[in-house]
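Taking it in order: structure first as structure tokens, then the write-up.
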Amino acid sequence: MLEAMTVKDIQRIADEVAEDWADVNWVASVGSTNTELLATGAPGSVLIADEQTAGRGRMGRQWVSPAGSVLSLSALVDAPTTDNLGLASLAAGLAVADVVPEAELKWPNDALLGGKKFAGILSEADLSGDTPRVVVGIGINVAWRAADLPVTGATSLNLEGLDVDFDEFTIDLLRALATRLSQWREGDPELMCDYRTQCSTIGRAVRLTRASGNVEGTVESVTDGGEIVIDGTAYSAGDVTHLRPAS
Ligand code: BTN
């Protein structure tokens with residue numbers, strides 16, 4: 001039988017990551033951890049939910065996150081400037097790869113196992129106050145039955161033979177996230193250096209779907225600003241609806 005994955009001891013998780021995250025909370029159910037944390041959290045806080053009833057993905061897509069199947073968490077941080085806000089997402093994708101070393105990183109921040117997506121990142125900025133804030137939301141498929149997966153091309157840690165202890169995994173992820181977000185906030189060049197090493201999209205022939213016209217070509221690199229470079233031209237993640245292998 002498939003074991004439902006959920007937080008066992010939130011206090012222990014909070015204690016273990018207290019150096020990096022001042023306030024770590026868990027709720028059984030919420031619309032979206034990103035929305036909730038942006039509305040109610042302070043920088044340095046984390047919200048973990050068993051179930052999201054209105055989980056959101058990139059480009060206005062839905063992110064299905066039933067209880068027991070997904071690690072859904074959001075972390076709120078101050079941003080040093082409004083420059084390079086998008087890099088917070090890439091940093092979070094790298095944090096996922098740090099704790100799932102078998103993972104491939106597909107630009108900008110999907111984490112794949114065996115070519116299928118098991119984790120996604122949605123980061124959102126709030127520029128309304130004096131200091132810009134960014135909420136970084138991470139959804140990781142941890143325990144699914146194959147037949148229940150909500151979209152084709154998806155997978156889950158358990159389906160790829162990776163059985164994790166939920167609390168330990170969450171602690172490791174929050175520590176890795178803190179490290180990668182610090183690199184982002186400090187403008188540490190190692191962040192994008194490590195990203196380029198991990199990103200399996202570099203070197204591939206791809207097709208970008210964009211509102212302003214599709215692009216096909218070979219990915220040369222990812223810039224320090226997180227843009228993908230195809231045949232000499234850089235494209236930013238916000239303009240790209242889909243990135244697929246070129247046919
Ligand atoms: C994507 O791949 O399109 C991004 C998915 C991001 C999902 C996470 S789950 C926690 C946080 N809350 C949300 O509503 N979305 C993000």
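Not measured: the values here are computed from a predicted model. Ligands are counted one by one from 1 in listed order, and the atoms in each one are counted from 1 as well.
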Table of N or O contacts for ligand 1, cutoff 3.5 Å:
residue	atom	partner	partner atom	Å
ligand 1	2 (O)	K117	NZ	2.5
ligand 1	3 (O)	R58	N	2.7
ligand 1	12 (N)	T33	OG1	3.1
ligand 1	12 (N)	Q52	OE1	2.9
ligand 1	14 (O)	S32	OG	2.7
ligand 1	14 (O)	Q52	OE1	3.4
ligand 1	14 (O)	R56	N	2.7
ligand 1	15 (N)	R56	O	2.7

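- Considering L90, V136, V134 as possible partners of W184, the one that fulfils the side-chain contact (heavy atoms from CB on, under 4.5 Å) test is V134.
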>> Using side-chain contact (heavy atoms from CB on, under 4.5 Å), reason through N158 and M5 one step at a time and then give a plain yes or no.
In response: CA-CA 10 Å; N158 68 310; M5 283 290 192; over 6 Å; no
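- Using a 4.5 Å heavy-atom cutoff, the side chains of R61 and T241 are in contact.
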Let me have the donor-acceptor pairs involving side chains of residues 45-54, under 3.5 Å, with sequence neighbours excluded, atom names and distances please.
residue	atom	partner	partner atom	Å
S45	OG	A42	N	3.3
S45	OG	A42	O	2.5
D50	OD1	T6	OG1	2.6
D50	OD1	W26	NE1	3.3
D50	OD2	T6	OG1	3.0
E51	OE1	S29	OG	2.6
Q52	OE1	T33	N	2.9
Q52	OE1	T33	OG1	3.2
Q52	NE2	S65	OG	2.9
Q52	NE2	S72	OG	3.4
T53	OG1	V30	O	3.4

Compile the donor-acceptor pairs under 3.5 Å between side chains in residues 112-121 and protein atoms, sequence neighbours left out, one pair per line.
residue	atom	partner	partner atom	Å
K117	NZ	D110	OD1	3.0

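- Residues satisfying the side chain to side chain contact (heavy atoms under 4.5 Å, CB included) criterion with D9, sequence neighbours excluded, are Q11, R12, D167.
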